[in-house]
Enquirer: 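Take a look at the following structure, please.
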There are 2 protein chains.
Amino acid sequence: MDVFEAVAEPHRRHLITLLAERERTAGELVDSLPSLTQPAVSRHLRVLRETGLVEVRPDGQRRIYALKPEGLQRIDDWITPYRRFWRTHLDALRQHLESE
Amino acid sequence: MDVFEAVAEPHRRHLITLLAERERTAGELVDSLPSLTQPAVSRHLRVLRETGLVEVRPDGQRRIYALKPEGLQRIDDWITPYRRFWRTHLDALRQHLESE
DNA sequence: GGCGTATATACGCGCAAGGTTATGCGTTAG
DNA sequence: CTAACGCATAACCTTGCGCGTATATACGCC
């Protein structure tokens, strides 16, 4: 699975958001997604691991997950060429508004 | 389907890339993806339409597709908060290299 | 009108993704 | 030492996606 597919799943985006605030244990993440069971969250975390979006560090019995945001850079790299499109659109709109 | 899922499909990313260069008819796009049949491409274009990533304009018998890059902005908006993470990482790396 | 071309839709299929329940395995607590 | 905890994996089920084939629809031309 590649980064685009990994991020396409809403629960996984949620996990990324949570880990952007701070590191969390697997258990904390499970508690943060009450609509899912523990194995479901565990599997999402595996996907995020395998796509290089998070990293794990054992802490005794627990596992501490941390964001590796460099993975998202691959998406950003792909979008970058298109960014100028809507930027110029917005610029044109702004100019239009200012000219009135 | 949302924008993230739309863009998760490699063929659809390819279509977006092609339409970023210039507008194209459906037939041109079909020819540009030789590994897919005409109906397959047509359905991908439907997804891109329904997620607001492209727009269509009839030209007699043909249909001209054009990119609506604003749709990608929703992805960009989501990524924006994370961008500072790898930026600071890269800055740190650059500083490290320069200090040698 | 009738026929070829351009594009979209219908239908059926295979497969992988995501979910749950059950279970394994290492670690901590008592 | 053993029972409970924390987490991952296994096995299974269901659903939705992406594909191809076949068919419909719309337009352009003679």
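The sequence lines fix the lettering, A, B, ..., with proteins before strands; numbering per chain opens at 1.
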Enquirer: Starting at atom CD of A:E5, determine the distance to atom P of D:dG16, rounded to an integer number of angstrom.
Expert: 18 Å
Enquirer: Rounded to whole Å, how long is the line connecting atom CG of A:D59 with atom P of D:dC7?
Expert: 10 Å
Enquirer: Looking at B:L67, B:I75, B:D76, which hits side-chain contact (heavy atoms from CB on, under 4.5 Å) with A:Y82?
Expert: B:L67
Enquirer: Residues two or more places apart in sequence or in another chain: which of them pass salt bridge (Lys or Arg N to Asp or Glu O under 4.0 Å) with B:E50?
Expert: B:R46
Enquirer: Rounded to whole angstrom units, what separation is found between the CZ atom of B:R12 and the C1' atom of D:dG18?
Expert: 9 Å
Enquirer: Once each nucleotide of nucleotides 4-14 of chain C is scored for protein heavy atoms under 4.0 Å, what B/S/- sequence comes out, 5' to 3'?
Expert: BBSBBBB----
Enquirer: Ignoring backbone atoms, establish whether A:H44 has a side-chain N or O less than 4.0 Å from OP1 or OP2 of C:dG19.
Expert: yes
Enquirer: In whole angstroms, how far is the P atom of C:dA17 from the CG atom of A:L48?
Expert: 14 Å
Enquirer: Tell me the closest heavy-atom pair linking A:F4 and A:R74, and the distance in Å.
Expert: CZ-O, 4.3 Å
Enquirer: Report yes or no: does B:R24 contribute a side-chain atom to a donor-acceptor pair with the main-chain N or O of B:L18 at less than 3.5 Å?
Expert: yes
Enquirer: Which is more 5' along DNA chain C, the nucleotide nearest A:G60 or the one nearest A:M1? Just name the residue.
Expert: A:M1
Enquirer: At what distance, to the nearest 0.5 angstrom, does NE2 of A:H14 lie from CG of A:L19?
Expert: 10.0 Å
Enquirer: Mind calculating the distance between CG (B:D2) and C1' (D:dG16) to the nearest angstrom?
Expert: 14 Å
Enquirer: Does A:T37 have a side-chain nitrogen or oxygen under 4.0 Å from the phosphate oxygens OP1 or OP2 of C:dT20?
Expert: yes
Enquirer: Nearest whole Å is fine: how far is D:dG20 P from B:H11 NE2?
Expert: 9 Å
Enquirer: Among B:L45, B:L48, B:T25, B:L15, find the one that has a side-chain contact (heavy atoms from CB on, under 4.5 Å) with B:Y65.
Expert: B:L45
